[in-house]
Amino acid sequence: MSLFGGRREADAPRAGAVPAPAGGAARSEGSAPEQRIAQDAGGHVAAATRTGGSVANIGKSIVFKGDLTGDEDLQIEGQVEGGIQLANHVLTIGQTGRAQAQLYAKAVVVVGHVTGNITATERVVLEATASVEGDIHTPKLVIAEGAVLNGAVEMTKAQPDSAKSLARAASGTPPTAAPPATPPAKG
């Protein structure tokens, strides 16, 4: 700061920089798209973003009934009833978000409330304020202390083709399981 309350040149944002969300780092326009889950200073997931890409937002006052599909990350702060399918993107149910839906995405971050099953081909993160009433199918699951989960959890191996996994989950076809190992014969 200068003596008169103005910014020093070093304090001014770089040209082309995008302001960071709370707790995140600024990014430059034109940077290569890269998936990340931003964390605030306390280590909590602040928002799921795709650097260099866009995040669609369903605001607090929006109520949507039906099926949602898309080709970008989505943050829900309002209410959604139906199904959400984002095969290669991050779905975030925000603090005020309420989803009564079947969720299918690359990654799902829940800060608010979900009633319905969640299928993610990469990971599911339940923050301390999260409440989930339904089953979770994912290769990686992070549950913060205080989160509520009432449902079954199926940990599966990450699949290289997320579309096949999502299509199988949408059709209700259970994943193929390996046959149980037979114990060695006693001799």
Side-chain angles (χ1 to χ4, degrees), residues 20-21 23-25 27 31-40 42-58 67-77 80 82-95 97 99-178:
R27 59 181 169 82
S31 61
E34 176 183 322
Q35 191 75 33
R36 71 181 175 94
I37 296 179
Q39 294 186 340
D40 65 15
H44 303 295
V45 173
T49 62
R50 174 179 294 275
T51 45
S54 63
V55 177
N57 188 25
I58 294 179
D67 292 328
L68 279 171
T69 60
D71 198 22
E72 62 187 301
D73 295 347
L74 176 63
Q75 174 139 0
I76 297 173
E77 292 295 341
V80 174
I84 301 172
Q85 188 165 354
L86 304 172
N88 297 307
H89 298 280
V90 176
L91 171 61
T92 302
I93 307 299
Q95 180 77 32
Q100 187 171 349
Q102 304 302 311
L103 311 180
Y104 308 99
K106 180 176 181 178
V108 177
V109 178
V110 181
V111 184
H113 182 77
V114 173
T115 301
N117 296 337
I118 300 172
T119 300
T121 57
E122 190 176 280
R123 74 174 52 227
V124 173
V125 178
L126 304 181
E127 280 299 320
T129 57
S131 173
V132 175
E133 304 283 332
D135 298 343
I136 296 177
H137 304 271
T138 184
K140 296 179 185 175
L141 177 61
V142 178
I143 303 176
E145 184 176 338
V148 175
L149 170 60
N150 290 313
V153 175
E154 182 177 341
M155 303 289 288
T156 57
K157 289 185 178 181
Q159 305 235 342
D161 186 1
S162 62
K164 285 182 183 177
S165 177
L166 290 173
R168 183 180 65 238
S171 71
T173 305
T176 56

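Numbers for residues simply follow the sequence, beginning at 1.
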Exercise. Under the side-chain contact (heavy atoms from CB on, under 4.5 Å) criterion, do Leu86 and Lys106 qualify, and how do the steps go?
Worked result: CA-CA 7 Å; Leu86 304 172; Lys106 180 176 181 178; over 6 Å; no
Problem set entry | Derivation and outcome, side-chain contact (heavy atoms from CB on, under 4.5 Å), residues Ile58 and Leu74 | CA-CA 8 Å; Ile58 294 179; Leu74 176 63; 4.0 Å; yes
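- Annotation: the span from Asp135 atom CG to Asn117 atom CG amounts to 4.5 Å, rounded to 0.5 Å.
- Shortest non-hydrogen contact noted between Glu122 and Pro139 is O-CG, 3.4 Å.
- With rounding to the nearest 0.5 angstrom, the OG1 atom of Thr92 is 10.0 Å from the CD atom of Glu127.
- Looking only at distances, a side-chain donor or acceptor of Asp67 sits under 3.5 Å from a matching main-chain atom of Gly83.
- Listed here is the closest heavy atom pair of Ala107 and Ala120: CA-CB, 4.3 Å.
- Interatomic distance, CG of Leu91 versus CD1 of Ile76, reported as 5.0 Å (0.5 Å rounding).
- Here the shortest heavy-atom pairing between Asp73 and Val90 reads OD1-N, 2.9 Å.
- Thr138 contributes a side-chain N or O that, together with a main-chain N or O of Lys140, makes up a donor-acceptor pair within less than 3.5 Å.
- Minimum interatomic distance between Ser54 and Glu72 (heavy atoms only, all atoms of both residues): OG-OE1, 2.7 Å.
- To the nearest 0.5 Å, atoms OG1 (Thr121) and OH (Tyr104) are separated by 13.0 Å.
- For the residue pair His137 and Glu154, a side-chain donor N or O sits within less than 3.5 Å of a side-chain acceptor on the partner.
- With contacts defined as side-chain heavy-atom distances shorter than 4.5 Å, the pair Thr129/Gln95 qualifies.
- We find the OG1-CD distance between Thr115 and Gln102 to be 10.0 Å, quoted to the nearest 0.5 Å.
- Here the straight-line distance linking atom CD of Gln100 with atom CG of Leu103 works out to 11.0 Å at 0.5 Å rounding.
- Residues Val108 and Ile136 have side chains not in contact (no heavy-atom distance under 4.5 Å, counting atoms from C-beta outward).
- The two residues Ala130 and Val110 make their nearest non-hydrogen contact at CB-O, 3.2 Å.
- In this model, no donor atom of one side chain and acceptor atom of the other lie less than 3.5 Å apart for Gln75 and Asn57.
- Residues Glu133 and His113 approach most closely at CG-CE1, 3.9 Å, considering heavy atoms.
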